[in-house]
Novice: 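Quick one: this structure, given as structure tokens, is what I'll be asking you about.
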Amino acid sequence: MSGFKEKFRSFSKLCTEDYLIRYANKGLYKRSLKELDNGVSVTYTWSESSVSCQLSDGTQCTLENTLDHWNCSCPSEHICKHVLIAILYDQREHLLEDSMSADENHVLDKDSGISDNDPLDVPKDVSVTSLVSNVDDPSGIPHTVSREIESRFRWMTESDLTVLIKSYSSSMIEEVVFRLRYPEEIKIIEDSLLTVHLTTQNIEVSFTEEPSLAKALCKVQQTAGKMAKLEALLRYRNFKGLDDTDALSGRAYEAKFSLQTVQECRMMLAGLLKTGLARLPQSYMAQLETLAIAAHSGNLPDIERNLRGIQGELQLFFNRHIRFSMQSMLDRISKLYLALRVLEEEKVSVIQQSQLIGSFRSKYFTVPSLHLYGLGADAWETRSGFRGITYYFYCFDDEEIYTYSDVRAVYYDDQQFSYTEHYGAFTPWLPNLTFRQFVGEEVQFHSVKVNEERRISSGEGAKLAILPRTGVETLNLGKTMQDVNSVLQEESRSFDLFAAPKERLAVIKVARIVDHSFAKQTQELVLTVENTEGERLALTLPYSSDWQAMIQRLESGYGSQTLEHFYAFVRVEPKRISPISFLKGQTVLSLKLDIGNGRMGRLGRI
């Protein structure tokens, strides 16, 4: 037998039914078997690196010891039945040869007097372990087969990952890395292929013994399929205990920026600290603006934002405005100066550099599934001329808070934003579901896009299903559920240089509202709540003309005297704790939007 003939015979043995069906399809496989049963035969002509297969129906195929390279005289652009017939016919011929050889050996054994029941004569230099290696394991797979499979697919854990992902763009790798944050059950099937089944996504990726992601089989097409192959490989490697963080971060994150701009910004801040605010000229505002523009051009979006933040604080200082805070100014300068120094030294990893640089636009990535529980909605307006409503949800999958925001710029004269109108508008995912209903539901998203800050996108492709809402009293809200003491503990002023500041949110169990008063001096409504242990907490709502009706209703009681044993969803800020919503049973009451519009009736109804 020629060298290639042996290789082809070994290859045809690996072409199991599962393998051929995954490469082609079940219908094509069955048609090939039917043709063989009807008498189609194949004549093989062997060469050094291929075999020419002449079918009795006149078709001619040229095959190698892989299905990645083949030719057929038929017009099909994809793998055809003739290729499968050529492989299956060889398998049958080989099986017949093996059967005849086995019969001959059996006859020889009988002639020599050896019986099937005779004990084995074990040489002294052969270990017992090697003799029992063929015994089936509990999974039903012989040990020799398991070891052969493990050997053939060893490349999945031992190959250089940077080589395997060479054809992937940084954006594709970044999205797959983002998906890995979310739990995904995988099932591994080992036969002629190694198949990784991503259970939640219901996607199967089958890997061949050739160390290449391009050769993996996946029903999902184009870019989505390519990313599914990478995700399946990475989850398999993680399952085997490998940490690919360093190899992935080098490809997923790009850190191209202007080092000269970084140096100029740091020197400018050093000059500011040396001069001091009291002797700082107002012309310094122009320097900040110039450097902010340079940072924009130098691909330093977060540096630009921080420079403009310092510019805003400095303007308040020059105007002797009451809102100016020296501590806030020092925090901004300290964080920016440290970030610039780290970028200038270029000693941190690429991923940390990218975190300091930031991005001009938030990137959204598709996650397979999100199980969310509505906590409430908050309406707001910024001094820079934006209005919006943010909807808050607790996610059972990763125990984090997710948000969806409806925002509009209102700094133009003809632009308006009606909180009532937008709160009652229909969601983009279900045509008959309003946002007011949406935030009071328990929902399941599939194929929804979210960003690094866990904001949900309204983009197409997401599917939303409404689930029966669980009573809030029976939920485990993880770290979001806090007691009065933990909420009252003042946070340190330290900050994480490589992460954006996070909004601090909490759910607090409340026994009753013991007092409500409006402070005219600060223009704030203060609700004093108490838990079952008698510990008290002040919840503060700043006055605004938009929330005049809500303030008046809460100040007059509006059912709060009868409201007992509920949960308050709050935002914890440096100088106050602001309530967003009250929850009880299956009901959510968003204070500004529900009480302000009088839609929920009296508080006591929840």
Side-chain angles (χ1 to χ4, degrees), residues 1-101 145 148-149 152-153 189-197 203-222 225-226 228-229 232:
M1 184 183 290
S2 67
F4 180 74
K5 190 173 182 179
E6 291 180 357
K7 290 181 180 179
F8 186 80
R9 286 286 166 86
S10 298
F11 163 69
S12 67
K13 281 183 178 180
L14 295 176
C15 290
T16 62
E17 177 181 352
D18 177 70
Y19 184 91
L20 294 177
I21 286 175
R22 290 180 187 279
Y23 241 109
N25 57 64
K26 197 168 187 178
L28 200 64
Y29 179 80
K30 287 187 173 181
R31 286 199 296 273
S32 303
L33 291 176
K34 189 174 182 181
E35 297 255 354
L36 286 172
D37 293 338
N38 290 336
V40 172
S41 61
V42 183
T43 303
Y44 299 94
T45 304
W46 303 95
S47 66
E48 292 296 325
S49 59
S50 64
V51 57
S52 178
C53 310
Q54 184 69 47
L55 276 66
S56 58
D57 63 2
T59 309
Q60 183 171 347
C61 300
T62 301
L63 302 180
E64 298 179 15
N65 61 332
T66 172
L67 280 178
D68 297 321
H69 306 289
W70 53 267
N71 287 308
C72 185
S73 60
C74 77
S76 175
E77 295 181 358
H78 304 284
I79 191 169
C80 60
K81 64 178 182 180
H82 309 109
V83 173
L84 299 187
I85 289 171
I87 295 171
L88 293 169
Y89 187 84
D90 180 77
Q91 286 181 354
R92 290 189 177 187
E93 291 294 305
H94 202 185
L95 185 64
L96 181 61
E97 291 177 7
D98 291 344
S99 178
M100 292 175 62
S101 177
V145 177
E148 181 184 353
I149 290 172
R152 288 193 296 113
F153 298 105
I189 305 168
E190 296 180 353
D191 44 37
S192 56
L193 300 171
L194 193 150
T195 300
V196 178
H197 182 210
I203 294 176
E204 283 189 352
V205 179
S206 298
F207 297 94
T208 67
E209 59 185 285
E210 189 170 352
S212 170
L213 281 173
K215 303 299 173 60
L217 308 177
C218 182
K219 297 289 185 183
V220 182
Q221 300 298 314
Q222 299 177 346
K226 190 174 181 179
K229 294 177 183 179

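Quick note: numbers below take in every heavy atom, side chains included, and nothing from hydrogens, waters or symmetry partners.
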Novice: Just by modelled atom types, is the N71 backbone N or O under 3.5 Å from a matching donor or acceptor in the T62 side chain?
Specialist: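 Checked: no pair found.
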Novice: S206 and side-chain contact (heavy atoms from CB on, under 4.5 Å): which single residue from V196, L194, T195 fits?
Specialist: T195
Novice: Atom CD1 of I87 and atom CD1 of I79: how far apart are they, to the nearest 0.5 Å?
Specialist: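 It is 6.0 Å, given to the nearest 0.5 Å.
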Novice: Rounded to the nearest 0.5 Å, what's the gap from CD on E35 to CG on L88? Could you check?
Specialist: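 Answer rounded to 0.5 Å: 11.5 Å.
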Novice: Between F207 and A216, what is the shortest heavy-atom contact and its length?
Specialist: CD2-CB, 3.7 Å
Novice: Out of curiosity, C53 SG to W70 CH2, how far, rounded to the nearest 0.5 Å?
Specialist: 12.5 Å
Novice: Identify the residue among V40, I85, T43, V42 that makes a side-chain contact (heavy atoms from CB on, under 4.5 Å) with S56.
Specialist: V40
Novice: What heavy-atom pair brings S47 and S50 nearest, and what distance separates the two atoms?
Specialist: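 Closest approach of S47 to S50: OG-O, 2.7 Å.
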Novice: Using the side-chain contact (heavy atoms from CB on, under 4.5 Å) rule, take T45 and V51 through it: C-alpha gap first, then chi angles, then the decisive distance, then the call.
Specialist: CA-CA 6 Å; T45 304; V51 57; 5.8 Å; no
Novice: R92 vs D37, test: salt bridge (Lys or Arg N to Asp or Glu O under 4.0 Å). Steps then yes/no.
Specialist: CA-CA 11 Å; R92 290 189 177 187; D37 293 338; 3.2 Å; yes
Novice: Could you pull out the closest heavy-atom pair between V83 and C61, with the gap in Å?
Specialist: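 Residues V83 and C61, closest heavy atoms: N-SG, 4.0 Å.
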Novice: Can you tell me how far apart CG (L36) and CD (Q91) are? Round to the nearest 0.5 Å.
Specialist: 10.0 Å
Novice: Under the criterion side chain to side chain donor-acceptor pair (under 3.5 Å), I'd like the reasoning laid out for Q60 against S52: C-alpha separation, chi angles, the key distance, then a yes or no.
Specialist: CA-CA 7 Å; Q60 183 171 347; S52 178; 2.9 Å; yes
Novice: Mind listing the closest non-hydrogen atom pair of E64 and S49 along with its distance?
Specialist: CG-O, 3.7 Å
Novice: Please give me the minimum heavy-atom distance between A228 and V205, naming the atom from each residue.
Specialist: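 For A228 and V205, the tightest heavy-atom pair comes out as O-CG2, 3.7 Å.
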Novice: With a 4.5 Å heavy-atom cut-off, do L55 and Y89 have their side chains touching?
Specialist: no
Novice: Would you compute the distance between atom CG of L217 and atom CD1 of I21 and round it to the nearest 0.5 angstrom?
Specialist: 12.5 Å
Novice: So do S10 and N65 actually touch side chain to side chain, heavy atoms under 4.5 Å?
Specialist: no
Novice: Could you label the plane-to-plane angle of the Y44 and F8 rings as parallel, tilted or perpendicular, counting under 30° as parallel and over 60° as perpendicular?
Specialist: tilted
Novice: Give a yes or no on whether the backbone of R31 and the side-chain of K81 come within a donor-acceptor separation of less than 3.5 Å.
Specialist: no
Novice: Enter the distance from L20:CG to N25:CG here, rounded to the nearest 0.5 Å.
Specialist: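 Answer for the CG-CG pair, L20 versus N25, is 11.0 Å.
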Novice: Is it true that a side-chain atom of E190 and a backbone atom of F153 form a donor plus acceptor pair closer than 3.5 Å?
Specialist: no
Novice: Between A86 and L63, which heavy-atom pair has the shortest distance, and what is it?
Specialist: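 Taking A86 first and L63 second, the nearest heavy atoms are CB-CD1, 3.7 Å.
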